[in-house]
2 protein chains.
Amino acid sequence: MTHKRTHTHTPEPNPTTQAPTHAYLQIGEVAERTGVTQRTLRFYEEKGLLKPPTRLDGGFRLYSEDDVLRVEQIKRLQGLLGFTLADIKDMVEAEEVKSQIKATYRKDAEISERRDKLRKAKEVTVGQVAVIDQKLAALHDMKSHLEEKLDQYDTWLQHLEEQSRAQAR
Amino acid sequence: MTHKRTHTHTPEPNPTTQAPTHAYLQIGEVAERTGVTQRTLRFYEEKGLLKPPTRLDGGFRLYSEDDVLRVEQIKRLQGLLGFTLADIKDMVEAEEVKSQIKATYRKDAEISERRDKLRKAKEVTVGQVAVIDQKLAALHDMKSHLEEKLDQYDTWLQHLEEQSRAQAR
DNA sequence: GCCAACCTTGACGTGCACGTAAACGACAGG
DNA sequence: CCTGTCGTTTACGTGCACGTCAAGGTTGGC
């Protein structure tokens, strides 16, 4: 009989914090949950879209839930918005910059340093919003264009129905 | 000295109808105006996205203003909505009914057929609008997410400034 | 300790959407 | 008629985003 390996890799005991949703995932599970192939996950890593995950002693990749979220983010950016992986890399790097800022943000640091980091994070985010705004504008433009066309179709259909009625008599 | 050829090909005298915006365009002009390469225009023709344009006796392609519009439409469908050229081909074929609607005598039998085609063309456009709405929703979602963060950054910056003022005293 | 399931790193292949080069013909100002 | 510019076809090349083996190593239930 075939038997599944129910690998639940918990690198740390993890006593109280966080329910053991799945602890750490290996590549097959991540692939299944995100709907991309293992190849794609390795490819994204190679291209710098995913940070190199921790490894098991034997070399198996161990992903976090955050990685799953990131993959889903990548998929959204790619599939819905049509960005190239190069574009997306910039965006996830911006995300990375922000989390870096978060990580190095110290309550006890100099106020001016904290302010600078916050401003930097804000700047990055503003850039992201700008990219989105561009897409939004283009899409709105196209939509109004299409709706104009729909009106045209409707008037033509009107015409045809009139002709149809005229001929029925 | 180099001299430009100011080719203005007007196949018909075209007396009263339409201002002579540019008459008929050859491939270089279309390429320049649409922002795609000549190769791309020939490629689209080969793939059935553009109907074979009329030719000059020597074989030069002569495009119409409608062709320019179509190329721009193709670019939007591809770049903004992320459709493949195969998808787009189906769409523009359904839209081909437009040229049919203009000509043709209205025989009774053809009226219902044309109405069906028009409805199909309208459906295609409606589908495109639906895709746009999806993307708009996704983008708005992302944007509000980012703006939430921006607000967060701003309030933190506010806090810092207050502390800074308190310390100045 | 066995073995099936799972993973690893190459390396080559594929579909799409063109890019690029070569060799040649067509158009029009002078 | 000459010449510079523009266009034609044919054919091979390219970048992206993976797909698809191949050959081997790792893990864990039994």
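Just so it is clear: chains get the letters A, B, ... in the order the sequence lines come, proteins before strands, and each one is counted from 1.
As a whole-Å value, the separation of B/Gln26 CD from C/dA26 C1' is 10 Å. The separation between A/Tyr63 atom OH and C/dT8 atom C1' is 12 Å, rounded to whole Å. For the pair A/Leu25 CG and D/dT27 P, the interatomic distance rounds to 17 Å; values are reported in whole Å. Separating the CZ atom of B/Arg55 from the P atom of C/dC27 is a distance of 12 Å, rounded to the nearest angstrom. Whole-Å rounding puts the A/Phe60 CZ to D/dG28 C1' distance at 10 Å. Distance, B/Leu56 CG to D/dT5 P: 20 Å, rounded to whole Å. When rounded to the nearest whole Å, the span between CD of B/Gln38 and P of D/dG7 equals 5 Å. In this entry the distance linking CD of A/Glu46 with C1' of C/dT9 reads 11 Å, nearest Å.
Salt bridge B/Arg119/B/Glu123: absent, no basic N to carboxylate O contact under 4.0 Å. The pair A/Glu72-A/Arg33 fails the salt-bridge criterion, with no side-chain N (NZ, NE, NH1 or NH2) lying under 4.0 Å from an Asp/Glu carboxylate O. Ion pairing between a basic and an acidic side chain is recognised when a charged N comes within 4.0 Å of a carboxylate O; A/Lys89 and A/Glu93 show such pairing.
Between the side chains of A/Lys98 and A/Gln128, at least one donor-acceptor pair of N or O atoms lies under 3.5 Å. A/Lys75 and A/Thr34 share no donor-acceptor pair across their side chains, judged by distance under 3.5 Å alone.
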Which letter, B, S or -, goes with each nucleotide of nucleotides 12-18 of chain D from 5' to 3', with contact meaning a protein heavy atom under 4.0 Å?
-----BB
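Counting non-hydrogen atoms of neighbouring residues, nucleotides and ligands closer than 6.0 angstrom, the NZ atom of A/Lys122 reaches no more than 12 such neighbours. For A/Gln134, the CD atom counts as loosely surrounded, since its 6.0 Å shell holds 12 or fewer non-hydrogen atoms of other residues, nucleotides or ligands. Other residues, nucleotides and ligands contribute only 12 or fewer heavy atoms inside 6.0 Å of the CD atom of B/Glu148.
Contacts with DNA chain D (heavy atom under 4.0 Å) in residues 67-77 of chain B: none are found.
Considering only side-chain N and O atoms, A/Arg42 lies nowhere under 4.0 angstrom from the phosphate OP1 or OP2 of C/dA11.
Checked against side-chain hydrogen bond (donor to acceptor under 3.5 Å, both in side chains), B/Lys149 has no partners two or more places apart in sequence or in another chain.
Contacts of A/Arg61 with the nucleic acid, taken as non-hydrogen atoms under 4.0 Å apart, involve only primed sugar atoms and P, OP1 or OP2.
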